[in-house]
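Working notes for the structure below.
Along the sequence shown, residues are numbered consecutively beginning with 1.
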Amino acid sequence: YLDGYNAPSPYTYYDQNCEIGVSGGNTITNFGAGGTTINVIFGRYQNNIKVANNIINGGGSTTAALMTGILLSTGNNSSADVYSNNITFSTTSTTGCTGINTSIGLNGTSNTVNVYDNIMQNWSVGGNFYMIRAATGGAPAQYNFNVYNNTLSGLTMSASASQTNFLYLQNSPINNANVYGNNIYSCTVNNTNQFVGIMLGFGSVSSGSWSIYNNNFYSITNTGITSSLTAINCIYLNGIAPALSVYGNQIHDITMSNTSSTGDIWGINQSYIGTVSITPQVYSNTIYNITNNGSGIIYGIYCSPGSNNT
């Protein structure tokens, strides 16, 4: 638990260069089974923090509160590295679980947040799930955000939940995003809303670039009953940067198994309609073996026909 000084601008009195697990990883187990919010590793008012090489494994069938493996909270224009952590939760709690929450670095003008080489395998959850989340709360987000070579596999759900997300950047977009080499596979979810592989959105920037490439999505099944909402969204861009590239992604063996569902399946969904002129580059992606047993539609690649899209 690292809680630095809530320094005013220019934030030079934040804690600087703290490290958790870099020189030798920590093993944290047997937590949960209560009603108190759990943040296994927590940092706030930090800059250039590193969290690496830690093993986190716990939960508890009666856990009745939100659980987060690694939470890096408030830090204006702060940089951070989160890498080579192995996180597993097992709980029937319907409150929800987050593996890594990197809301650090908001109001970014020059900072970089890197999340890479983390593994989350064999999770069993009963509520909403986020592997990597950056909830900005409407503030300008990180300037540079890189998410690469992370693995999510073996996820199962003991009860229905609203949604499941691998990478979820919410409310305000980053200036430069690079999301590549991530593997999401062998997951069975029970979502009443949707499964989202990668989501960047809820806003736009007038400069900068987003690149989403060489990610793999396969053997993903949603057994839930969705209404008119999306059942599965592998890559969802609900926001934009002027330079957008989506390429080399593999999406296959994706299934909506519930015959009562009316939700759609989207391989790549670029649904932005706004005021920033863009020319999306979507190429060399491979999408196949998509099955929707409900009445919804399957979209391999969808680009919004907005007036600013060329």
Side-chain angles (χ1 to χ4, degrees), residues 32 57 59-64 66-69 87-99 119-133 150-168 170 182-199 215-236 238 249-269 271 286-302:
N57 190 333
S61 61
T62 61
T63 300
L66 178 66
M67 294 198 304
T68 302
I87 304 174
T88 301
F89 284 159
S90 179
T91 177
T92 57
S93 169
T94 59
T95 307
C97 300
T98 299
I119 296 174
M120 299 185 196
Q121 291 180 313
N122 302 321
W123 282 48
S124 177
V125 299
N128 291 351
F129 166 84
Y130 302 87
M131 178 177 181
I132 300 169
R133 183 177 186 180
N150 300 284
T151 297
L152 168 63
S153 67
L155 172 68
T156 59
M157 305 190 75
S158 59
S160 64
S162 176
Q163 57 185 306
T164 301
N165 302 272
F166 167 73
L167 171 62
Y168 188 73
Q170 178 186 15
N182 299 289
N183 297 290
I184 304 95
Y185 63 94
S186 298
C187 296
T188 300
V189 300
N190 183 4
N191 292 139
T192 57
N193 187 337
Q194 60 183 327
F195 171 92
V196 180
I198 296 172
M199 178 175 180
N215 300 286
N216 299 303
F217 304 85
Y218 60 94
S219 299
I220 297 169
T221 300
N222 188 353
T223 64
I225 299 177
T226 64
S227 56
S228 60
L229 299 170
T230 301
I232 299 174
N233 228 327
C234 291
I235 298 177
Y236 180 32
N238 185 21
N249 299 286
Q250 298 278 332
I251 300 172
H252 61 89
D253 297 294
I254 310 297
T255 303
M256 179 65 231
S257 64
N258 198 308
T259 57
S260 299
S261 172
T262 59
D264 301 330
I265 298 176
W266 311 68
I268 298 172
N269 179 6
S271 64
T286 302
I287 303 172
Y288 62 96
N289 287 353
I290 312 298
T291 302
N292 194 338
N293 290 323
S295 58
I297 300 171
I298 296 173
Y299 298 91
I301 298 175
Y302 176 86

Interatomic spacing from [atom1] in [X] to [atom2] in [Y] - rounded to 0.5 Å:
{"X": "I254", "Y": "I232", "atom1": "CD1", "atom2": "CD1", "value": "6.0 Å"}
{"X": "T88", "Y": "N122", "atom1": "OG1", "atom2": "CG", "value": "6.5 Å"}
{"X": "T291", "Y": "I298", "atom1": "OG1", "atom2": "CD1", "value": "6.5 Å"}
{"X": "T286", "Y": "N249", "atom1": "OG1", "atom2": "CG", "value": "9.0 Å"}
{"X": "L167", "Y": "M199", "atom1": "CG", "atom2": "CE", "value": "10.5 Å"}
{"X": "M120", "Y": "T98", "atom1": "CE", "atom2": "OG1", "value": "9.0 Å"}

For the residue pair [X] and [Y], establish whether any side-chain heavy-atom pair is separated by less than 4.5 Å.
{"X": "T223", "Y": "T188", "value": "yes"}
{"X": "H252", "Y": "N216", "value": "no"}
{"X": "F195", "Y": "I220", "value": "yes"}
{"X": "Y236", "Y": "W266", "value": "no"}
{"X": "I268", "Y": "I251", "value": "yes"}

Could you pull out the closest heavy-atom pair between [X] and [Y], with the gap in Å?
{"X": "L152", "Y": "M131", "value": "CB-SD, 3.5 Å"}
{"X": "I265", "Y": "T255", "value": "CD1-C, 4.5 Å"}
{"X": "S261", "Y": "M256", "value": "CB-CE, 3.6 Å"}
{"X": "L66", "Y": "G96", "value": "CD1-O, 3.3 Å"}
{"X": "G69", "Y": "F89", "value": "N-CZ, 3.6 Å"}
{"X": "C187", "Y": "G154", "value": "SG-N, 4.3 Å"}

Tell me, with the steps shown, if I287 and I301 meet side-chain contact (heavy atoms from CB on, under 4.5 Å).
CA-CA 9 Å; I287 303 172; I301 298 175; 3.7 Å; yes
Considering the options V189, L155, N190, which one meets the side-chain contact (heavy atoms from CB on, under 4.5 Å) requirement together with V125?
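Going through the options one by one, the only one that passes is L155.
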Quick check against the 3.5 Å criterion: does N182 have a side-chain atom that pairs as donor or acceptor with the backbone of N150?
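Answer holds: yes.
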Using only atom types and a distance under 3.5 Å, with no angle test, would you say the side chain of W123 pairs donor to acceptor with the backbone of I87?
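Confirmed, W123 side chain pairs with I87 backbone.
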Does the plane of the ring in Y130 sit parallel, tilted or perpendicular to the ring in Y168? Use 30° and 60° as the thresholds.
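The rings of Y130 and Y168 sit tilted, inter-plane angle from 30° to 60°.
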With sequence neighbours left out, what residues match N293 under side-chain hydrogen bond (donor to acceptor under 3.5 Å, both in side chains)?
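Residues passing side-chain hydrogen bond (donor to acceptor under 3.5 Å, both in side chains) with N293: none at all.
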